[in-house]
Amino acid sequence: MPSRCPVCGAEVIKPEGEAMHRCTNTACPAQALEKIKHFVSRGAMDIEGVGEKLCLALFEKGLVKDAADLYYLNREQLLQMERMADKSVTNILNSIAASKDRPLPRVIFALGITHIGGETADLLAEYFSSVDELARTTQEQLRDIPSIGPTIAESIVAFFRQEQNRQIIEKLRKAGVKLKVNEIKKKDLPFAGLEFVITGKLESSTRPEAEVRIKALGGKAGSDVTRKTSYLVVGADPGSKVARAEALGIEKLNEEQFLDMLKKAEGKP
DNA sequence: GAGCCTCGAGATCT
DNA sequence: CTCGAGGCTC
């Protein structure tokens with residue numbers, strides 16, 4: 001006996017080697033709804049205040065047929081909804097607007113491409129700097145990326161071939177959703193203008209690793225203490241740099257202080 | 001104040 | 001995933 005999708009009644013197949021049954025009817029309303037729920041969910045666009053129930057209600061009312069429709073909701077439409085008063089509407093509109101500049105990996109994940117989870121989305125964002133670039137890629141190019149195989153490559157290309165998906169992306173673009181990497185200006189990074197010099201051995205990581213983190217935050221990693229040095233990071237068995245820093249009156253950091261500073265700057269409290 | 005919904009933390013599993 | 005807390009509506 002074939003199993004059937006509980007929503008649309010279409011016959012459901014169980015792909016070889018996969019645990020889940022999957023309804024293959026692309027017009028299945030349950031699929032559309034799931035995609036919207038996925039789009040607003042935490043790891044994706046993370047639209048606060050919009051959860052399962054609201055997605056369902058908006059979908060049933062026909063106000064939101066696909067994820068991009070969320071960005072076109074207005075006050076009056078939201079006020080029609082059950083248990084929705086001014087306060088909620090304001091909050092929801094604000095959080096929808098705030099989701100427009102989510103980082104690229106999240107946007108890629110939010111699209112809901114089959115087989116693309118958070119990890120793969122992160123990976124793709126390292127190789128493609130916009131959704132459009134990803135949309136233009138070929139299976140061959142994708143397969144050159146380590147840990148991307150034929151299944152994922154095929155799935156991505158198929159996704160962007162679908163007219164429906166292309167339209168959603170256009171709607172997102174028109175609504176002002178950022179579809180490319182945030183090119184953060186160097187000047188705005190937390191370590192802009194700071195130069196760190198490391199002496200001695202670090203417990204927590206190797207020196208190159210620490211330098212990568214400093215640079216990612218817009219700082220410089222120097223090798224000699226000069227008047228331009230902002231901080232001297234002092235690890236175990238430090239060298240003569242300590243004396244030089246003291247002579248120049250340069251602030252010293254122990255490893256713990258340094259790690260603290262990195263974490264704060266990286267926004268991970 | 002009651003009830004609904006969503007969030008975030010922490011436990012659990014992979 | 002499940003739980004409890006907190007926001008919001010009514």
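Everything numeric in this text was worked out from a predicted model, so none of it was measured. Proteins come first, then strands; the chains are lettered A, B, ... in the order of their sequence lines, and each starts at number 1.
Taking atom CE of A:Met84 as the reference point, atom C1' of C:dC8 lies 9 Å away to the nearest angstrom. Nucleotide C:dC8 holds its P atom 11 Å from the CG atom of A:Asn94, rounded to whole Å. As rounded to whole Å, 16 Å separates atom C1' of C:dC10 from atom NZ of A:Lys87. Rounded to whole angstrom, the span from the CD1 atom of A:Ile96 across to the C1' atom of B:dT6 amounts to 15 Å. B:dC4 atom P lies 18 Å from atom CD1 of A:Ile92, rounded to whole Å. Between A:Arg83 atom CZ and B:dA2 atom P there is a gap of 14 Å when expressed in whole angstrom units. Between the CD atom of A:Glu48 and the C1' atom of C:dA5 there is a distance of 15 Å, rounded to whole Å. The distance between atom NZ of A:Lys37 and atom P of B:dT6, rounded to the nearest whole Å, is 10 Å.
Below 30°, between 30° and 60°, or above 60°: for A:Phe196 and A:Phe258 the angle between ring planes is between 30° and 60°, a tilted geometry.
Proximity of A:Asn91 to the phosphate of C:dG7: no side-chain N or O atom is located under 4.0 Å from OP1 or OP2.
A:Leu56 comes within 4.0 angstrom of no nucleic acid atom, judged by non-hydrogen atoms across all strands.
The number of heavy atoms from other shown groups lying within 6.0 Å of CD (A:Glu82) does not exceed 12.
Residue A:Ser88 places its side chain closer to C:dC8 than to any other of B:dT6, B:dC7, C:dC8. Closest to the side chain of A:Lys53, from the set C:dT9, B:dC7, B:dT6, is B:dT6.
A distance of 9.5 Å separates CG in A:Asn91 from CE in A:Met84, rounded to the nearest 0.5 Å. To the nearest 0.5 angstrom, A:Ile108 atom CD1 is 5.5 Å from A:Leu134 atom CG.
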